[in-house]
Number of protein chains: 2
Amino acid sequence: MDLKAIILSIHPLQEDDYNQFAAIIQPRIVAKNTRLIEAGKVDHRFYFIQEGITRVYYETAERTINLVFPGPGETILSLNSYSLQSAGYEYIETLTECLLFEVDAIALKKLYQTNLDLANWGRKLAEIEFIKAEKRLMNHLFKSAQERYTELLLKYPALIQNIKLGHIASYLGVSQVTLSRIRAVKS
Amino acid sequence: MDLKAIILSIHPLQEDDYNQFAAIIQPRIVAKNTRLIEAGKVDHRFYFIQEGITRVYYETAERTINLVFPGPGETILSLNSYSLQSAGYEYIETLTECLLFEVDAIALKKLYQTNLDLANWGRKLAEIEFIKAEKRLMNHLFKSAQERYTELLLKYPALIQNIKLGHIASYLGVSQVTLSRIRAVKS
DNA sequence: TTATTTTTTTAACATATGTAAAAAATATTC
DNA sequence: GAATATTTTTTACATATGTTAAAAAAATAA
């Protein structure tokens, strides 16, 4: 999935509009375990993932919680930074080496002010991300850790090879001990 | 908080743009316990609340979960309906008599296609709602039922007078028995 | 006021999950 | 390949929360 396909999958754009957009985007190769977004800081960039797996997580004094593991074709952005230019809540880091497209959010916002199609693209992006957030919330509310584990394996069979079980336990919202118990039953 | 204040609080608009928007909005008085949005259905309306309290909830075979209790100044919309024109997940109903402003989402989408300021308003709306959804999720992930109960009382002291404890327990994600135990300790 | 219904609290018990610590398995380094 | 470090599983125990049912309290109706 190349840059154009990712962008147009969110909302169709005219050739000219796409080119304006592409002009403020840079490809980047990022090593494993690199932090892309830092909680408590304002960041003027966001990313599209071409290749690789990342994790979005929150951190408190007591514990850290993995929220989601975005992969190819998905968008990485801290909405607080992006929309409000205020400090974000989440950390985002790579779990594998990643090929990313880095978007200059400030330049994009300028485009929103003059370009109708891009303004609607931006609207669509926020709506899609909202729907994803809603789905995540519903997953948490309705599904047991067991179900969510099974679904995770189905969606990212590679994930379990690459990352520590503690990460997955944190995503499921249970202790690692409980995750081990879940896995013991399954086999 | 009148209609104009609510709309402009999301994103500033020129007088002319605001008037175009206001033309597709109708005030409505809605009785207590009226269902506004139905899960599984596509709805082409959404609402701003001038007065009153509502609840947004999900329902499964096993149980129902209250997600949030929007009140004055807040927006009621099912993102799936609004953005994707697909069936929504949530039910929304009034808990008290409400004064609402009903927006014709189809007409609004047409405006988005031609009016740059409104397109940016729509972008801002989605971004704000996203941030709210993220906060709700974080509340669920980080805070205990106890804390969330205390905060709820602080934010909506009236709520507890008006609605059944079962609703609040469902919002907190605990059984009503547990909520009773929480309340017993507090006093 | 009394009676009836609804809502909330309490009690008793079962169970799932967390914590802490040790054992086992796996991966890494020299 | 042996030694070390890391990760995962298992065990033992404590505790919080759910379920079911009964009691108490509050609200509504007669």
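First the proteins, then the strands, lettered A, B, ... as listed; each starts at 1.
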**Report entry** Selected nucleotide, minimal atom distance to B:L165 side chain, candidates C:dG18, D:dT8, C:dT8
**Finding:** C:dT8

Query raised in the report: So, is A:T178 close to the C:dT17 phosphate, meaning a side-chain N or O under 4.0 Å from OP1 or OP2?
Result: no

Query raised in the report: At under 4.0 Å, does any side-chain N or O of A:R183 touch on OP1 or OP2 of D:dT8?
Result: no

Query raised in the report: Which is it for A:L67 and B:L137 under the side-chain contact (heavy atoms from CB on, under 4.5 Å) test, yes or no, and what are the steps along the way?
Result: CA-CA 9 Å; A:L67 182 62; B:L137 179 59; 3.2 Å; yes

Could you give the [atom1]-to-[atom2] distance, from [X] to [N], as a whole number of Å?
X	N	atom1	atom2	result
A:I160	C:dT26	CD1	C1'	14 Å
A:I182	C:dT15	CD1	P	19 Å
B:I168	C:dT7	CD1	P	14 Å
B:I163	C:dT7	CD1	P	12 Å
A:H167	D:dT6	NE2	C1'	14 Å
B:Q176	D:dT17	CD	P	16 Å
A:L179	C:dG18	CG	P	10 Å
B:R181	C:dT8	CZ	P	16 Å

Query raised in the report: So which heavy atom on A:I49 is nearest to which on A:I6, and how close?
Result: O-CD1, 3.6 Å

Query raised in the report: B:L79 and A:F130: which non-hydrogen atoms are nearest, and at how many Å?
Result: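 So the two residues come closest at CG-CD2, 3.4 Å.
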
Query raised in the report: Taking the nucleotide of DNA chain C with the closest heavy atom to each, which residue, B:K164 or B:V177, is nearer the 5' end?
Result: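 Mapping each residue to its closest nucleotide by heavy atoms, the 5'-most match is B:K164.
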
Requested in this report: Could you tell me whether B:E127 and A:R123 have a side-chain N and a carboxylate O separated by less than 4.0 Å?
Outcome: no

